[in-house]
Amino acid sequence: MSQMSGRPHNPAVTTGRIPPVMERAGRVISRGFLLAVGVMLASCIDGREEYWLDSHGGGRAEIRYSIPESVARMEGGDAGIREIVSNFLKETPAITQSHFEVVTANKVTTVTLHAQFDSAMKLADVADGPSSHNLPAAAHHLLGEIKTKTNGRTVELTRTTTPAQAIPGSVWMPAASFEEKTLTYIIHLPNPSEESDATRTEDGGRTLIWEIPLADTLKSPAVIHFKMQIPIPWKIILAVTIPLATLLCIWSLRRRNLRLFLSRNP
């Protein structure tokens, strides 16, 4: 006859597994934590990016994002974010000049960046460069992926961002949590765009504006796309050709005068 122990059988002890009820509780707690963080982020997240492109391919940008102060503390507060932005700028040679500020007020931390660049095409490559991969995950999702195509003087740009992935627990959040929250992208072009998926345009198609509700990014990534013709740099062409034409005229006149002098004085 087998001997029985007086202690009740505990499957968690004998098998080393967490009881199903504990697993469910853990999932609920984790989901609740992510949901709470997500609600906190969505309630304060705000983003606006504006770019001015010139006829030479360069330009300038003004970028502003606001996040809850409690989230900023996870990255070291104002000082930590300043270090992150400063390192990003040092590792991004496509940005030739820049200055930024980090300000916390009313429990919201706002980062504002002013930058200049000589080549918009090189700036587009930053999204897939090493400097972007060193950014926090949330910032990397907001920067997204940028693809460019060129065909002669035609340039096509497509940028895909995933803001929802920057917000923990967003998949479980109701759409109402994102009401009145919008990400805005504005691009000023030297020439009217040939095509775009902008929300609206101004200045005869030279200014493209995307106003994307944050709730829409739960269903699909945010995409901005446009195609334009690179303008012919007439100022540069004239600046080069006029001096050359002047030198050519002077040289032709001198040669003609020399021939006349030689013909008269054989």
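Scope of the values below: all heavy atoms of this structure, side chains included, with no hydrogens, waters or symmetry mates.
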Euclidean distance, [Y] [atom2] relative to [X] [atom1], rounded to 0.5 Å:
X: Ile187; Y: Trp210; atom1: CD1; atom2: CH2; value: 4.0 Å
X: Arg73; Y: Asp78; atom1: CZ; atom2: CG; value: 10.0 Å
X: Arg82; Y: Glu101; atom1: CZ; atom2: CD; value: 9.5 Å
X: Leu53; Y: Leu123; atom1: CG; atom2: CG; value: 9.0 Å
X: Ile81; Y: Ile67; atom1: CD1; atom2: CD1; value: 4.5 Å
X: Arg64; Y: Arg48; atom1: CZ; atom2: CZ; value: 6.0 Å

Can you check side-chain contact (heavy atoms from CB on, under 4.5 Å) on Thr150 and Thr148, steps first, answer last?
CA-CA 7 Å; Thr150 57; Thr148 58; 5.7 Å; no
Please tell me whether [X] and [Y] are part of a single hydrophobic cluster in this structure, the criterion being side-chain heavy atoms less than 4.5 Å apart.
X: Tyr185; Y: Ile209; answer: no
X: Trp52; Y: Leu208; answer: no
X: Ile186; Y: Val111; answer: no
X: Tyr65; Y: Ile146; answer: yes

Hey, mind stepping through Glu202 and Arg200 against salt bridge (Lys or Arg N to Asp or Glu O under 4.0 Å) and telling me if it holds?
CA-CA 7 Å; Glu202 296 178 356; Arg200 57 190 174 91; 2.7 Å; yes
Show your reasoning for whether side-chain contact (heavy atoms from CB on, under 4.5 Å) applies to Phe226 and Thr201.
CA-CA 11 Å; Phe226 69 90; Thr201 63; over 6 Å; no
Is there side-chain contact between [X] and [Y], with at least one heavy-atom pair below 4.5 Å?
X: Arg60; Y: Gln97; value: no
X: Thr104; Y: Thr109; value: yes
X: Lys227; Y: Lys149; value: no
X: Glu194; Y: Gln229; value: yes
X: Phe117; Y: Val126; value: no

Using a 3.5 Å distance criterion without hydrogens, assess whether the side chain of [X] forms a donor-acceptor pair with backbone atoms of [Y].
X: Thr199; Y: Glu211; value: yes
X: Asp54; Y: His56; value: yes
X: Ser119; Y: Lys122; value: yes
X: Thr96; Y: Gln116; value: yes
X: Arg159; Y: Ala222; value: no

Is it the case that atom CD in Glu83 sees more than 12 heavy atoms from other parts of the structure closer than 6.0 Å?
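For Glu83, atom CD is not crowded (no more than 12 foreign heavy atoms under 6.0 Å).
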Would you say CG of Asp203 has more than 12 non-hydrogen atoms from neighbouring residues, nucleotides or ligands within 6.0 angstrom?
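Yes, the 6.0 Å shell around CG holds more than 12 heavy atoms from other groups.
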Nearest heavy-atom pair of His225 and Asp197: which atoms, and what distance?
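What the structure gives for the nearest pair is N-OD1, 2.8 Å.
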Which heavy-atom pair separates Phe88 from Thr92 by the least distance, and what is that distance?
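In this case the closest contact between Phe88 and Thr92 is O-OG1, 2.5 Å.
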Does Leu183 form a side-chain contact (heavy atoms from CB on, under 4.5 Å) with Leu214? I'd like the steps, not just the answer.
CA-CA 6 Å; Leu183 298 175; Leu214 197 57; 4.0 Å; yes
Please report the C-alpha distance between Thr161 and Ile212 in whole Å, then the side-chain angles of each, then the deciding distance to 0.1 Å, and finally whether the side-chain contact (heavy atoms from CB on, under 4.5 Å) criterion is met.
CA-CA 11 Å; Thr161 64; Ile212 303 174; over 6 Å; no
